[in-house]
Engineer: 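Please read through the structure below; I'll follow up with questions.
Counting starts at 1 for both ligands and their atoms, in listed order.
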Amino acid sequence: MSQEAEASLEIIQSRGGPAEIEVAFVLGTGLGNMADTVENPVVIPYADLPGFPKLTVSGHDANLVVGRLEDTNVAFMQGRSHYYERGDSRAMATPLETLALMGVHSLILTASAGSVNSSFYPGAMMLVTDHINFNGLNPLIGVASDGGFVSLTGAYDPRLAKRLKRAVLRAGVTLHEGVYMWFAGPSFETPAEIKMARMLGADAVGMSIVPEVILARRLGLRTTAIAMLTNFGAGFQHGDPSHAQTRETAAQGAIALKRLLRAFLRTKEEAWVVSSQ
Ligand code: HPA
């Protein structure tokens with residue numbers, strides 16, 4: 001682990017957060033207020049944590065919130081750094097290393113995305129089951145020798161997916177499933193690119209998730225991702241995305257996502273009790 005991650009860990013512990021964190025969430029555009037439900041929250045601005053990103057995009061707070069939720073020690077990252085902010089696909093490396101040092105065993109990434117599946121309407125959520133990385137970028141490029149050969153088979157953890165699907169029933173929300181294709185951004189895709197994404201088998205397109213999943217897999221974190229579908233992709237079903245629309249629709253969808261994430265934490269406990277009988 002990097003010295004920055006070790007230093008961030010010390011700062012978090014010195015501010016009185018739980019010694020160990022079980023589940024961590026990364027909250028995307030318009031979804032930051034999900035952390036409001038944390039009990040006894042310890043809120044630490046990213047600016048106080050070495051190696052944590054300086055955010056440049058509106059719709060993202062920039063705090064790490066740690067505390068208890070549904071009898072679980074949790075961490076919420078309110079906002080992320082994207083590749084397009086500085087051309088750095090390792091922008092989330094130190095925060096993810098810090099979460100790993102805190103003992104996190106399950107990482108849930110959330111992000112807004114454009115739908116390229118005609119059955120997946122804006123406002124709905126999609127569990128990411130796999131991704132397509134077609135832009136030549138990889139956060140492990142240049143990373144020490146053999147350490148970069150990380151397997152991405154099962155990168156979107158099947159056990160976490162199963163638990164989330166059980167939580168869907170409790171929460172009474174809809175969760176589609178599909179493939180997420182990463183575009184570097186920050187410009188939105190062209191209609192021709194959206195057509196290509198559909199032809200290649202994508203169900204949603206977006207500008208995050210993928211580098212974080214790759215980094216998290218290298219750290220051995222079990223990871224899953226939920227895309228909040230905020231619009232149809234450019235030129236598809238009259239889609240013409242904008243940042244304002246993304247923020248607004250994500251904020252509306254945050255209510256369902258919040259219900260789902262709380263149900264997810266409760267479902268874990270019940271599953272644990274059942275399996276130990
Ligand atoms: N494309 C890429 N990223 C996105 C989109 C989109 O249409 N909507 C929300 N994030």
Engineer: With atoms numbered from 1 as shown, which atoms in ligand 1 lie under 4.0 angstrom from a non-hydrogen atom of Thr230?
Structural biologist: 8 (N), 9 (C)
Engineer: Answer yes or no: is there a side-chain heavy-atom contact under 4.5 Å between His105 and Leu221?
Structural biologist: no
Engineer: Starting from atom 3 (N) of ligand 1, locate the nearest protein heavy atom and write down its residue, its atom name and how far away it is, to 0.1 Å.
Structural biologist: Gly206 CA, 3.4 Å
Engineer: Which of the atoms in ligand 1, numbered in the order shown and given with their element, are less than 4.0 Å from a heavy-atom of Pro241?
Structural biologist: 7 (O)
Engineer: Under 4.0 Å from a heavy atom of Asn231: give me the atoms of ligand 1 that qualify, with their elements.
Structural biologist: 5 (C), 6 (C), 7 (O), 8 (N), 9 (C)
Engineer: Any Lys/Arg nitrogen of Lys165 or Glu177 sitting under 4.0 Å from an Asp/Glu carboxylate oxygen of the other?
Structural biologist: yes
Engineer: Strictly under 4.0 Å, does any heavy atom of Phe183 approach an atom of ligand 1?
Structural biologist: no
Engineer: Counting the benzene-type ring for Trp, do His131 and Tyr156 have ring centres under 6.0 Å apart?
Structural biologist: yes
Engineer: Does Leu107 share a hydrophobic cluster with Leu152, counting links as ILVMFWY side-chain heavy atoms below 4.5 Å and allowing steps through other members?
Structural biologist: yes
Engineer: Indicate yes or no: does Arg15 engage Asp48 in a salt bridge with an N to O separation below 4.0 Å.
Structural biologist: yes
Engineer: Identify, by atom number and element, the atoms of ligand 1 in contact range of Ser112, meaning under 4.0 Å from any of its heavy atoms.
Structural biologist: 9 (C), 10 (N)
Engineer: Taking only heavy atoms of Glu189, which atoms of ligand 1 are found under 4.0 Å from at least one of them?
Structural biologist: 1 (N), 2 (C), 6 (C), 7 (O)
Engineer: Determine whether the side chain, the backbone, both or neither of Ala113 has a heavy atom under 4.0 Å from any heavy atom of ligand 1.
Structural biologist: backbone
Engineer: Output the distance between atom OG (Ser8) and atom OH (Tyr46), rounded to the nearest 0.5 Å.
Structural biologist: 11.5 Å
Engineer: At under 4.0 Å between heavy atoms, which part of Val205 makes contact with ligand 1: side chain, backbone, both or neither?
Structural biologist: both
Engineer: Could you tell me if the side chain of Ser81 sits less than 4.5 Å from the side chain of Arg86, heavy atoms only?
Structural biologist: yes
Engineer: Within ligand 1, which atoms have a heavy atom of Gly114 less than 4.0 Å away?
Structural biologist: 4 (C), 5 (C), 6 (C), 7 (O), 8 (N), 9 (C)
